[in-house]
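Below is one structure; the comments refer to it alone.
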Amino acid sequence: MSTPSKSLSTVYDPRSVEKRIYAMWENGGYFQPRADIGKGAYSIVMPPPNVTGVLHLGHALDSTLQDIAIRYRRLAGYSTLWVPGTDHAGIATQARVEQSLKQEEGKTRHDLGRENFVERVWTWKQEYGGTITQQIRALGASCDWSRERFTMDPGLSKAVREVFVTLYEEGLIYRGNRIINWCPRCSTALSDIEVEHEEEKGILFHVRYPLVDGSGALTIATTRPETMFADVAVAVHPADERYQAYIGKELRLPLSERTIPVIADEYVDPEFGTGCLKITPAHDPNDFEVGARHGLPMLQCINSDGKLTDLAGAFAGLSREEARLAVANALAEQGFLVEREEHDHAVGHCERCGTVVEPFLSDQWFVKMEALAQPALERARAGELTFVPGRFGRIFEQWLENVRDWCISRQLWWGHRIPAWYCDECGAITVSRDDVTCCSTCQSTRVRQDEDVLDTWFSSALWPFSTMGWPDNTADLERFYPTSTLVTGYDILFFWVARMVFMGVHFTGTMPFQTVVLHGLVRDAKGQKMSKSKGNGVDPMDVIEKYGADALRFTLATNTSPGNDQRFVWEKVEGSRNFINKIWNASRFVLMNLGDDFAPQALRVLELDLADQWILDRLQATIAEVSEHLNVYDFGEAARAMYDFAWDDFCDWYIEFAKIGLYGEDEQRKRSVQNVLYTVLTQLLTLLHPYIPFVTEEIWQALPKTSGALVAAQWPEPSTNWENADAVRKMSLVMDAIRAVRNVRAELQLAPSKSVSMRIECDTDRDKALFEQVRDMIQRFCHADDLVITVGGTAPVQSATQVVTGARIHIPLAGLIDMDAERERLRKEEKRLVSEVERLEKKLANAGFIAKAPADVVAAEREKLADYAAKLVAVRDRITSVAE
RNA sequence: GCGGCUGUAGCUCAGAGGGAGAGCACCACCUUGACACGGUGGGGGUCACAGGUUCGAUUCCUGUCAGCCGCACCA
């Protein structure tokens with residue numbers, strides 16, 4: 001094992017560390033829930049990525065946030081379980097295997113046959129299924145791989161069957177001939193939410209349909225003239241005076257010899273188009289309803305492959321797109337086309353392949369939503385589910401209030417085959433938990449199983465409990481279900497979260513999780529969505545390769561704010577890498593200064609000096625702040641608190657203060673500082689561990705007397721013993737003084753290496769005592785070889801002067817100082833102070849403010865005014881004494 | 001049409017009813033015994049606009065404008 005030490009590189013190298021550390025954790029069983037229940041159970045199920053997919057930044061963000069939540073609870077003493085797994089991703093996986101089949105062998109799945117094809121997909125899964133889980137490991141995810149699940153595992157398949165059959169028996173799953181969303185390219189039905197609507201420019205064709213009796217014509221308006229061969233009526237609004245006389249008459253459908261009736265239906269909007277609506281029940285969901293109301297026939301003129309049927313006569317065989325033009329032209333030639341009007345409308349596209357979705361009449365299986373949505377809704381409204389951020393709760397409820405039945409059958413081969421068998425003898429349907437060999441009605445053995453499989457989201461909806469062994473009553477289910485938190489992107493709120501909720505409520509009687517944390521998308525540097533087609537994607541594995549997993553994690557977690565998108569910028573990763581390197585080097589510093597014989601001891605308050613007291617106060621405040629943010633899943637804010645403490649307070653200030661004690665002669669002082677350094681570092685590493693687990697573990701392993709692994713260490717408690725407002729107040733004065741001197745040095749261009757003399761004139765003996773106490777710090781930080789501290793007195797004219805609370809700091813610079821510049825600087829300072837004083841005087845002169853503002857606010861403002869006023873007096877004095 | 005998000009420094013973004021913040025970029029200085037993936041100092045913002053509530057608003061409310069996103073869609 002490499003140890004950070006003097007002999008080692010000053011730059012942390014994640015590549016030499018991460019694999020080894022991960023293997024140590026995984027082989028050590030650290031990711032499995034501890035046996036003793038400790039503070040209680042805390043569990044998360046991982047949103048299962050596509051088994052044959054590769055990791056993208058969205059997964060990386062999602063996994064990082066989950067890992068932070070899990071590692072935090074593990075350190076805090078909970079028995080934690082994070083269940084990983086993958087999803088069979090029906091359409092995507094099938095499409096990929098079909099593609100390779102085509103490329104390599106020039107075959108289609110139909111050439112292979114169902115059984116062989118499915119076997120081929122399983123082989124594919126064996127071969128590529130491990131990629132993404134390996135990538136999740138590379139990220140450092142502390143999930144329990146011994147419990148890894150796949151949606152098509154026997155256990156989970158059993159759960160799917162149980163749910164399907166139960167819902168069928170309850171009448172909540174039914175088979176029906178209805179209009180569904182059909183993707184002609186994927187050749188399967190889709191649910192409503194798998195359709196993406198996009199605004200497109202279209203044409204509204206006005207077409208004249210002549211009356212059979214020759215007494216005139218009605219003009220309908222349609223964007224889809226190619227569907228007119230399946231028209232079965234023209235509808236007008238019953239109250240539309242223009243068309244009263246036409247209701248009940250027959251029209252002759254142009255381009256075909258059929259006649260269709262004019263009907264009246266409230267659905268028609270008289271204001272739109274011509275007020276006459278052609279009714280095509282098999283090709284439009286609204287027309288389907290109208291047709292059903294009026295008992296109209298359902299004719300189909302477009303097939304499942306998107307081409308026109310024989311019903312279209314001469315147009316049969318054309319694609320939908322070709323037919324639209326051809327039909328419009330034919331209508332124009334024959335004088336039926338009255339007008340072409342530009343018309344913007346939203347067109348549905350297949351979420352997966354982008355093909356325009358066809359409303360298609362077919363036999364499909366549906367989940368009846370009302371009975372499932374209602375109880376879920378009631379529980380959500382009763383506050384049984386917490387959303388972070390809260391606004392998603394309303395969006396979630398609105399969706400559940402309006403859901404329509406869920407089409408769950410897919411015309412694919414890869415997935416959970418629908419457990420329904422049709423009898424060729426009597427036509428009955430047998431739905432069963434076990435495979436069926438004979439009809440449950442007539443006992444015939446001439447039964448065949450439904451060809452379709454279930455929507456992948458059907459099995460995902462059961463994930464929180466199916467992964468735990470449901471429907472069996474397992475120990476895990478008992479202990480870890482319902483789960484504590486679900487972390488996922490807001491983009492699958494409806495697809496996944498909502499469905500888990502109603503399935504969980506229905507089948508387990510409880511919400512499947514208590515809290516849902518929704519994060520945003522990771523976009524590219526310009527704010528655009530990353531996509532393969534745009535080629536703007538960033539591979540997380542490249543980031544890990546170049547900067548380490550910790551840097552990637554820290555970048556993603558730091559730049560997240562609840563529910564909002566973030567942009568991926570390489571410079572941010574660089575910043576994270578730099579921070580990690582800073583931690584590494586601060587640790588090296590501590591290690592090389594502890595000495596070989598170091599044994600941590602309890603801190604003895606009396607031995608602590610001001611800087612020690614200050615850093616411990618800051619530490620406990622940081623612990624409290626980080627814990628509070630993590631408790632409410634505010635990952636970004638927690639990270640910021642740690643970053644500021646680590647870099648500013650610990651590295652920039654405390655380590656520099658510590659050097660005084662460390663390099664001094666006082667052995668006891670030295671021990672004391674070593675103990676403080678050790679305490680702060682170990683606790684800081686623990687705080688940081690959920691975000692940057694690798695580097696913190698690596699350092700932890702090198703620290704003396706740390707037993708075991710950091711992954712299983714203890715989260716620090718903020719200790720009230722370390723609260724020390726007095727030390728903080730004093731230190732902030734000291735730091736102000738140091739900054740003031742640095743400022744003078746920089747402005748007067750005094751090289752840092754050039755030492756100076758200093759004279760601090762205090763207002764009171766108390767102030768003098770304070771500066772005497774921190775004399776070493778001031779001299780070291782200001783590089784002052786000579787420091788005089790007095791009460792009152794007069795400084796030489798040839799000095800640069802800074803005024804701080806309670807004192808004036810003079811740096812005598814006879815001959816070196818441009819007094820004109822110094823006077824200018826003082827006047828600038830005077831101006832600043834005057835404006836502050838005026839602002840506060842105005843505020844305090846306001847009677848309303850004095851009367852109504854809280855007393856402590858008024859007091860604080862008065863104190864500020866007094867401070868500024870005193871400084872102003874001092875600055876003016878100085879201006880007078882340096883006047884020419 | 002309904003609903004939501006965003007608008008703060010050149011860039012990317014935090015923040016909060018009471019003196020405008022960070023990182024990066026920029027300028028100047030510094031090889032000080034953890035770190036140049038570093039240190040010190042500095043410049044830079046009417047917190048989109050207009051009203052309202054309040055002693056006090058960049059923060060809360062309403063509206064406007066701009067950008068983005070859901071949901072529902074009338075052919």
Side-chain angles (χ1 to χ4, degrees), chain A residues 4 6 10-12 192-193 197 202 204-205 220-224 227 235 267-280 284 286-287 343 345-346 389 391-392 394-395 398-399 402 490-491 493-494 520-521 525 527 547 551 558-561 563-569 571-572 574-593 636-637 639-640 643-644 647-648 651-652 655-656 659 662-663 738-739 742-747 749-753 780-781 783 836 839-840 843 846-854 856-858 860-861 864 868:
Chain A
K6 273 182 213 172
T10 60
V11 172
Y12 171 64
D192 292 344
I193 52 177
H197 294 273
L204 196 55
F205 298 91
I220 57 95
T222 182
T223 53
R224 302 200 61 197
T227 65
Y267 168 72
V268 180
D269 176 2
E271 303 296 313
F272 189 90
T274 60
C276 298
L277 173 65
K278 75 186 197 67
I279 301 297
T280 321
D284 183 281
N286 294 309
D287 291 10
H343 175 64
H345 61 148
R391 64 187 156 89
F392 285 108
R394 285 194 310 281
I395 297 172
Q398 278 166 19
W399 188 79
N402 300 312
Y490 63 69
D491 53 327
L493 178 60
F494 306 140
L521 274 41
Y547 292 96
T558 310
N559 289 292
T560 190
S561 75
N564 290 336
D565 294 350
Q566 64 171 299
R567 297 184 194 201
F568 181 88
V569 182
E571 284 77 11
K572 291 182 188 172
E574 221 165 275
S576 301
R577 188 268 318 264
N578 294 353
F579 175 66
I580 289 159
N581 196 238
K582 189 77 179 171
I583 297 298
W584 173 259
N585 277 293
S587 304
R588 285 178 60 241
F589 172 82
V590 174
L591 272 169
M592 65 180 73
N593 283 290
E637 283 300 292
R640 258 162 239 131
Y643 185 98
D644 290 347
W647 203 310
D648 298 344
C651 293
D652 285 349
I655 284 183
E656 295 307 319
K659 286 174 183 172
L662 248 21
Y663 302 153
I738 290 168
R739 282 193 207 98
R742 282 172 172 172
N743 173 279
V744 167
R745 294 190 73 122
E747 281 199 13
Q749 304 226 327
L750 294 173
S753 54
R780 180 182 175 86
F781 277 74
H783 202 193
E836 292 289 359
R839 186 177 61 80
L840 289 164
K843 195 170 200 177
N846 182 341
F849 176 70
I850 304 295
K852 299 198 178 173
D856 56 328
V857 171
V858 177
E861 297 296 300
K864 276 188 236 167
Y868 284 126

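Labels below follow one simple rule: chain letters A, B, ... track the order of the sequence lines, proteins then strands, and each chain is numbered from 1.
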Protein proximity profile, nucleotides 28-35 of chain B - base contact B, sugar-phosphate-only contact S, no contact -, cut-off 4.0 Å on heavy atoms: S-S--BBB

A:Phe272 has an atom CZ; how far is it from atom P of B:G1, in whole Å? 15 Å

Expected output: side-chain A:Asp284 to main-chain A:Thr280 donor-acceptor under 3.5 Å: no

Using only atom types and a distance under 3.5 Å, with no angle test, would you say the side chain of A:Asn581 pairs donor to acceptor with the backbone of A:Arg577? no

Nearest-angstrom distance from the residue atom NZ of A:Lys843 to P of B:C55: 14 Å

Taking only Watson-Crick and G-U wobble pairs with both distances under 3.5 Å, what dot-bracket line describes RNA chain B, where [ ] shows pairs that cross earlier ones and | shows pairs with another strand? (((((((..((((....[..)))).(((((.......))))).....(((((..]....))))))))))))....

Gap between atoms NE2 and P, on A:His197 and B:C69 respectively (whole Å): 16 Å

Would you indicate whether the side-chain heavy atoms of A:Ile583 and A:Trp647 approach each other to under 4.5 Å? no

Hey, does A:His343 reach any base, or is it just sugar-phosphate, or nothing, if we go heavy atoms under 4.0 Å? sugar-phosphate

Rounded off to whole Å, could you give me the CG-to-C1' distance for the A:Asn402 and B:G3 pair? 11 Å

Hydrogens and angles aside, do A:Lys278 and A:Thr227 bring a side-chain donor and acceptor to less than 3.5 Å of each other? yes

To check you understand the geometry: which heavy-atom pair defines the closest contact between A:Ile220 and A:Thr274, and what is its length? CA-OG1, 3.6 Å

Would you mind classifying the nucleic acid contact of A:Arg745 as base, sugar-phosphate or nothing, using non-hydrogen atoms under 4.0 angstrom? nothing

Kindly say if A:Arg391 contacts the phosphate of B:G4, meaning a side-chain N or O under 4.0 Å from OP1 or OP2. no

Round to the nearest Å and state the distance from A:Arg224 atom CZ to B:A75 atom C1'. 11 Å

Going by the angle between their ring planes, with limits at 30° and 60°, are A:Phe272 and A:His343 parallel, tilted or perpendicular? perpendicular

Separation of B:U12 atom C1' from A:Gln566 atom CD, nearest Å, is 11 Å

Check whether A:Lys864 reaches the backbone of A:Glu836 with its side chain - one donor and one acceptor, N or O, closer than 3.5 Å. no

Regarding A:Val569, tell me which of base, sugar-phosphate or nothing describes its non-hydrogen contacts under 4.0 Å with the strands shown. nothing

Output one line per pair: protein atom, nucleotide atom from nucleotides 51-54 of chain B, and distance, for all N/O pairs under 3.5 Å.
none

d(NZ, A:Lys572; P, B:C11) in whole Å: 14 Å

Whole-Å gap separating P (B:G7) and CG (A:Asp565): 13 Å

Do side-chain atoms of A:Asp565 reach the backbone of A:Gly520 as a donor and acceptor pair under 3.5 angstrom? no

B:G41 phosphate, OP1 or OP2, under 4.0 Å from A:Arg742 side-chain N/O: yes

Whole-Å P distance, B:G7 and B:C49: 13 Å

